[in-house]
Structure formats: structure tokens, C-alpha cells
Number of protein chains: 2
Amino acid sequence: MSRSQPDRRAYERLRIEPVSTVDRVVEELRRAVFEGELPPGTPLREVALAESLDVSRSTVREALGALVAEGLADRVPNKGTQVRALDPEAIHDVGRARTVIEMAGLERWPVASEPARARVRAALAEFARVADTGASAAELTAAHLAIHAALAGLTESPRLEAMADTLYTEIKLALASVDRIRRNAGEQVHSHAGLVELLEAGRTEEAAAELRHHLDHAEQAMLGSLGWTLTDGDASGS
Amino acid sequence: MSRSQPDRRAYERLRIEPVSTVDRVVEELRRAVFEGELPPGTPLREVALAESLDVSRSTVREALGALVAEGLADRVPNKGTQVRALDPEAIHDVGRARTVIEMAGLERWPVASEPARARVRAALAEFARVADTGASAAELTAAHLAIHAALAGLTESPRLEAMADTLYTEIKLALASVDRIRRNAGEQVHSHAGLVELLEAGRTEEAAAELRHHLDHAEQAMLGSLGWTLTDGDASGS
DNA sequence: GATTGCCGGATTGTCGGACAATGCTAGCGG
DNA sequence: CCGCTAGCATTGTCCGACAATCCGGCAATC
């Protein structure tokens, strides 16, 4: 063994990602979904997409499979694939799940590695910056979720982080329908900053309580924002 | 609305699941992997599989995608798909992740729904029964994992349960290589029974400690059983 | 009038073949 | 010993096709 690698470390961070056609299709669909161009429930027809995107149906099919695996779409055998529609129950479940993971991360603050903690601080700073410069709603939520992702990162478990990521994906999906994101970004920043301060001060208990409160509140806000827009869809006229 | 449905309720429980060809292929591959017919690292060649299973390559491809999503295989672009090989680091991570989820479930014992608690008791009883009748190693681990799945079920969050399931899948995968499952099934039963007793008695703290200890121990046992069997595979003769 | 049987269009599931792009290996020449 | 090149194996993507299934409507039946 031991091929010649004199300066491996210098190149350690270099990475390239091969972009397959499928990847591009997935990316485009993801964008359209998050952008609200494809509202929840929209059927994703294979032939039509293939023609529109000028790729073969096989490619579209594979991309749709990826979307389903990602939680952005639902597939019913022999019926087709649709943009995922989240009901209040799903929102609640996402809330419960992420509470478990983020709380686990938070409790590990004292023993977490320095980079993991730094990531939380960095995410917080970035959120503050974004909130200040008054960015788009999507950017705001992205920055906000980055903080929570950093909290999940405190677990220092790739699997838990990945799980948290899928949850955040669902949240972004739910929020895609709601354009009127709450404007209280300032208050949000303050709340998170307080959370981190408590952590830095070693008052983990209080931080946990704060986080739990925050998550409960966030869930309520989300449900309130879109709870009634999705219940029973009585769109059938006639 | 309200079409005429006089006796809808009578049919409420009826369900059928369409079995697509892809499903069958996935099932067969899963079986082969768990059975050890396809050891970790085995390449899953598309054409060869297609010919062997007498299905088209498209179908195999889709099945492989499902396996990857399930965590049973890894796919490297332009190189192919292989049966997943778990390194010690992965084992450790699975351990951390499931600890978080199962602990969360356990802490919810007092407030969990009755069916959720009943599931734990049932799984425990089943494990004891299986251990008594001296079943196969695979059945034993399945019954064992069912207990832990029931613990995860205490969270009563479908998403967390699903996440736990993928973790258990990985554990089964890792254990597939190890035929010589620890024989101390009796002791295992005892340990879990004690855990549940503590829960029933409301001594949650002690139960948590017990579970944590059990999980740590299990991880050590797994690492010890296969830690050295998977490192560098020097199979190239010539 | 409600239920059932049947038909036609739309869509998905699966197939087979085809070809370019990529990765791997071995041989060739310097 | 090293780099280059050619060749082979395998995957990525495309195309066209057909059966299976779903859905809505319409006629037939009790």
C-alpha cells in the first residue's frame, strides 16, 4: 500500500461533484417546489415533465424517485407522483421529531467539540446579519433553520444531522406556501441569541426550557399561518 | 359531497398492497443481503442482476435506488452500487442516534398512550418466547430489535419511528456478517424485563440509566464481534 | 334511483435495445 | 520507473413500445 501522497493534506478540501442529468432535474423541481411554482398537491406527470425539461422519461422517473425519497413528493403506485401536501398532523410530527433531536444536541453543548459550538455561533451571527439587511423570506428562513441545524449538529452524529435536515426540508416545504413570513425577525434573533447566551453561561436547563418554548411557539405559528388553507379542499364546483 | 355510503365503515380495515416488480426485486436483494449471500462490499452489477432476475435493467436500477435510499447499499456515480459496508465509526454513529431516539421514547413512558406502552410489553413477551424456543439468530435479533423499536414507538412520532427503523436496518445489516450472535439471550431478556419493570414502577431515571448502559454495552459487543472483520480486505490474489 | 358492467383516454410500470461517457486495466513506449 | 494510450466493462441517458391500471362517463340492470 502507501501510494505516493506527499501533500495529501493540502488538497483535502478539494471536491467536485459530478452533475448528472438526474441531479439537475431534481434541482430544478426542488427549486420550483420551494418557490411555490408547484403548489402542494400538484401532480408531476412524467411525460409532460420529460418534454418540458427535454430529457427522457426514465430520467424524470428517477428524479421523481429522488424527490420522494427526499420527502418533497408522494408517489401512489399506478397513480402518479404529487408535490407533497402537509397536513397539520404532519407539521406537529415534524415538530416533535425535531424537538427530540435539537434538545439532544443542546444538552450536549458542554461536551460538544469546539467546531460544533462555533457553528452555532456562526449561524446565529449570520441570521442576525441577514435579518438586518432585510433579505427575502426564503433567505430568512434558511438562515433561521441554519441555527437549528447547528443545534442538531451538536449531537455530532451524521445520521441525526441528516434526519434533522429532512425535517428542515419539510419545514421549508410547508413554509413555501406561506409567503407572509412573520416579520418579527428581530425578536427571533433576540430569542436565539438569548438561547446561546444561556448555553455559554452553562445554564443548560434554562436553555432547554427556552428552546422547548421556542419550538412550541414556532409550531403554533406555522399551524396558524397555514392550518386553515389545507383542511378540506372543496374546490369542486358544479 | 356525501356520496351514498351506507356501510363504508364495514370496509374501513380492508387494504391491499400492489406488488410491483421493483418491489419484488428489492425484497429479494434485501433478503440476500441480510442472509449474507451478498457480503458487504459486493458490487451490484445492473446487467448481471437484470439477467439473473429476468427483469429489465431499468427495473434493477430503480430497485438499486431503493436499496440505497434504504441504507443497504452505496452508490458511487459512474462506478456502481455496492452492498453497504459499515465501518466502526458508522456503528458508533448508529448507536448515538438510536440512543437519542430511544431515550426520548423512554422518557415519554408516563405520558405515552396505552397502545404504545402495550407494544413494549408485547415485544418483550415475544422476545422472551423466541429466546425460549431457541430460534435462529436472525429471529432473535429481530425480536430483540422489536423491543427497541417499541421504545422508539413511545415517542409516538411516525417520523422518529421511521428514523429508528432505518437505524435498525443498519444494525441488522451489520449483524448479518456476524453469525455467532451472542448466546446470552436469557440475560438479554432479563435485562429488558428489568427495564420495563422500572418503567412500570415509575422509576424513569433508573430505567434511563439502565437503557443507556444497555445500549453502550450493545455497541461495544457489536464492535468487538466484527470490528476486525471488515477493515482492509486483501482479497486480490494473482 | 342506485348499482353494476363496460368502454375509451390518460398515465404509469416494465421492457428491450441503443449509444455516449466514464472508470479501470494492461500493454506499450520512453 | 513513469506516463500514455487503447480497449473493455459498466454506468448514464435516451428512445420507442406495450401491457396494466386508473378514471370518468355511459348504458344496462334490478
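Note on naming: letters A, B, ... go to the chains in the order of the sequence lines (proteins, then strands), and numbering restarts at 1 for each one.
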Round to a whole Å and report the spacing from [atom1] of [X] to [atom2] of [N].
X: A:E51; N: D:dC15; atom1: CD; atom2: C1'; answer: 13 Å
X: B:L53; N: C:dT14; atom1: CG; atom2: P; answer: 13 Å
X: B:D23; N: C:dT12; atom1: CG; atom2: P; answer: 17 Å
X: A:L64; N: D:dT13; atom1: CG; atom2: P; answer: 14 Å
X: B:E62; N: D:dT13; atom1: CD; atom2: P; answer: 15 Å
X: A:R75; N: C:dT11; atom1: CZ; atom2: C1'; answer: 12 Å
X: B:E46; N: D:dT13; atom1: CD; atom2: C1'; answer: 11 Å

Verify the contact: side-chain N or O of [X] to OP1 or OP2 of [N], cut-off strictly under 4.0 Å; return yes or no.
X: B:K79; N: D:dT11; value: no
X: B:R45; N: D:dT11; value: yes
X: A:R61; N: C:dG13; value: yes

Let me confirm one number: the [atom1]-[atom2] distance from [X] to [Y], rounded to the nearest 0.5 Å.
X: A:T169; Y: A:L145; atom1: OG1; atom2: CG; value: 9.0 Å
X: A:H148; Y: A:L215; atom1: NE2; atom2: CG; value: 6.0 Å
X: A:R45; Y: A:R57; atom1: CZ; atom2: CZ; value: 12.5 Å

Toward the 5' end of DNA chain D, which comes first, A:D54 or B:G80, by nearest nucleotide?
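Result of the comparison: B:G80.
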
A:N78 or A:V55: which one's nearest nucleotide on DNA chain D is closer to the 5' end?
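Between the two, 5'-proximity favours A:V55.
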
Which part of the nucleic acid does A:L44 contact within heavy-atom distance under 4.0 Å: base, sugar-phosphate only, or nothing?
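Since only primed, P, OP1 and OP2 atoms lie under 4.0 Å of A:L44, the category is sugar-phosphate.
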
Whether B:E126 and B:R129 form a salt bridge (side-chain N of Lys/Arg under 4.0 Å from carboxylate O of Asp/Glu) is what I want to check.
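So B:R129 pairs with B:E126 through a salt bridge.
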
Minimum-distance nucleotide (side-chain atoms of [X] versus [options]):
X: B:R57; options: D:dT11, D:dT21, D:dA17; value: D:dT11
X: B:S58; options: C:dT14, D:dC14, C:dG16; value: C:dG16
X: A:V22; options: D:dT13, D:dC14, C:dC15; value: D:dT13

Heavy-atom donor-acceptor pair, B:R117 side chain to B:A112 backbone, under 3.5 Å:
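Here the side-chain-to-backbone pair exists.
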
